[in-house]
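This report refers to the structure that appears directly beneath it.
Here is the naming used below: chain letters follow the sequence lines, and residue numbers restart at 1 for every chain.
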Amino acid sequence: MTGGLTPDSLLPFASDARAVPARAFFVQPTLRVARALLGMVLVHETPEGVTAGRIVEVEAYRGPGDRAAHSAGGRRTPRNEAMWGAPGHAYVYFVYGVHWCVNVVTQPPEVPEAVLLRALEPLAGLELMRARRAVPATAGPPRRPLADWQLCRGPGALCRAMGIDRARNGADLLAGPLRLLHGEAIAEAGVARTPRVGVDYAGADARRPWRFAVRGSRAVSGQRL
DNA sequence: GAGTTGATCACT
DNA sequence: GTGATCAACTCT
């Protein structure tokens with residue numbers, strides 16, 4: 001630990017920064033974990049500084065039986081190895097030649113399920129996030145400065161703003177530079193459920209309502225819910 | 001709808 | 001080993 005990530009320094013980001021989730025939290029059914037992650041806080045400490053945001057959008061991926069999951073059909077490769085590992089750790093992968101995406105691994109080892117983090121409402125380190133996002137993922141004309149609510153809108157954008165990449169794959173989310181904290185719980189009425197994004201190839205599994213989002217948050221990707 | 005690059009798979 | 005295909009995306 002480099003010293004910046006103390007309980008006191010985290011207090012501004014969470015209702016009770018000392019209450020990091022217990023390991024058992026991540027062994028609940030994956031859909032329940034996904035739902036409960038809404039409102040929790042993701043913090044990343046890097047040499048450049050600390051960034052943090054409140055989770056407002058997630059998707060559950062449910063292991064071998066889920067054709068949309070990277071572990072569909074029991075597929076196990078170096079890329080998705082972290083999904084098969086211990087709960088409460090990060091599974092970070094690269095997609096479309098451009099973007100990193102971060103998942104929270106659920107279930108005991110050898111049960112490859114996870115929850116993709118799709119959007120955050122920024123809480124801390126906003127200027128660092130803006131600087132990271134100012135470097136476009138793809139070539140193109142200069143962009144207008146992003147509004148706060150756009151900084152972590154979408155799974156690729158979230159990783160770029162938070163500085164999450166391959167180096168965090170397999171990292172423990174209960175200790176270390178990338179960390180989850182309890183935040184303010186989201187009431188049932190404030191949660192929207194929809195099918196997952198970008199998994200049309202998965203047949204019937206593509207239609208399962210395993211995306212969870214905080215209703216009304218501008219930071220939720222795609223159409224507002 | 002293009003752009004980008006790594007992983008994976010179906011072949012030699 | 002090699003080459004083809006495609007991917008849990010983002011911005012125009």
- prompt: Contact class for A:Ala157 vs. all strands (heavy atom < 4.0 Å): base, sugar-phosphate, or nothing?
  reply: sugar-phosphate
message: Using a 4.0 Å heavy-atom cut-off, does A:Gly156 contact any base of the nucleic acid, only the sugar-phosphate backbone, or nothing at all?
response: sugar-phosphate
Over how many whole Å does the gap from [X] atom [atom1] to [N] atom [atom2] extend?
X: A:Arg196; N: C:dC9; atom1: CZ; atom2: P; answer: 11 Å
X: A:Tyr201; N: C:dT5; atom1: OH; atom2: P; answer: 19 Å
X: A:Arg79; N: B:dC9; atom1: CZ; atom2: P; answer: 10 Å
X: A:Leu151; N: C:dC9; atom1: CG; atom2: P; answer: 19 Å
X: A:Tyr96; N: C:dC11; atom1: OH; atom2: P; answer: 14 Å
X: A:Gln150; N: C:dT12; atom1: CD; atom2: C1'; answer: 14 Å
X: A:Ile164; N: C:dC9; atom1: CD1; atom2: C1'; answer: 16 Å
X: A:Phe94; N: C:dT10; atom1: CZ; atom2: P; answer: 13 Å

Flag, side chain of A:Arg215 to backbone of A:Val191, donor-acceptor distance under 3.5 Å: yes
Backbone N/O of A:Leu174 and side chain of A:Asp172: donor-acceptor pair under 3.5 Å: yes
- prompt: Do A:Leu37 and A:Tyr91 sit in the same hydrophobic cluster, where Ile, Leu, Val, Met, Phe, Trp and Tyr count as joined when their side-chain heavy atoms come under 4.5 Å apart?
  reply: no
- prompt: With no angle test and no hydrogens, is the base of C:dA8 tied to the side chain of A:Tyr93 by a donor-acceptor pair under 3.5 Å?
  reply: yes
query: Should A:Arg75 be listed as having a side-chain N or O under 4.0 Å from OP1 or OP2 of C:dA8?
result: no
query: If only side-chain N and O atoms of A:His70 are considered, is one of them under 4.0 Å from the OP1 or OP2 phosphate oxygen of C:dA8?
result: yes
field: Qualifying residue, where the test is salt bridge (Lys or Arg N to Asp or Glu O under 4.0 Å) with A:Arg35 and the options are A:Glu57, A:Glu59, A:Glu188
entry: A:Glu188
- request: Taking only the side-chain heavy atoms of A:Thr77 (C-beta and beyond), determine which of C:dT10, C:dC11, B:dA7 contains the nearest atom.
  value: B:dA7
field: Options B:dT4, C:dA8, B:dT8, nucleotide nearest the side-chain atoms of A:Pro78
entry: B:dT8
task: Tell which nucleotide pairs with C:dA8, taking only Watson-Crick or G-U wobble pairs whose two distances are both under 3.5 angstrom.
output: none
field: Strand partner of B:dT4, provided both Watson-Crick or wobble distances fall under 3.5 Å
entry: none
query: Going by atom types alone, do A:Ser221 and A:Arg118 pair a side-chain donor with an acceptor below 3.5 Å?
result: yes
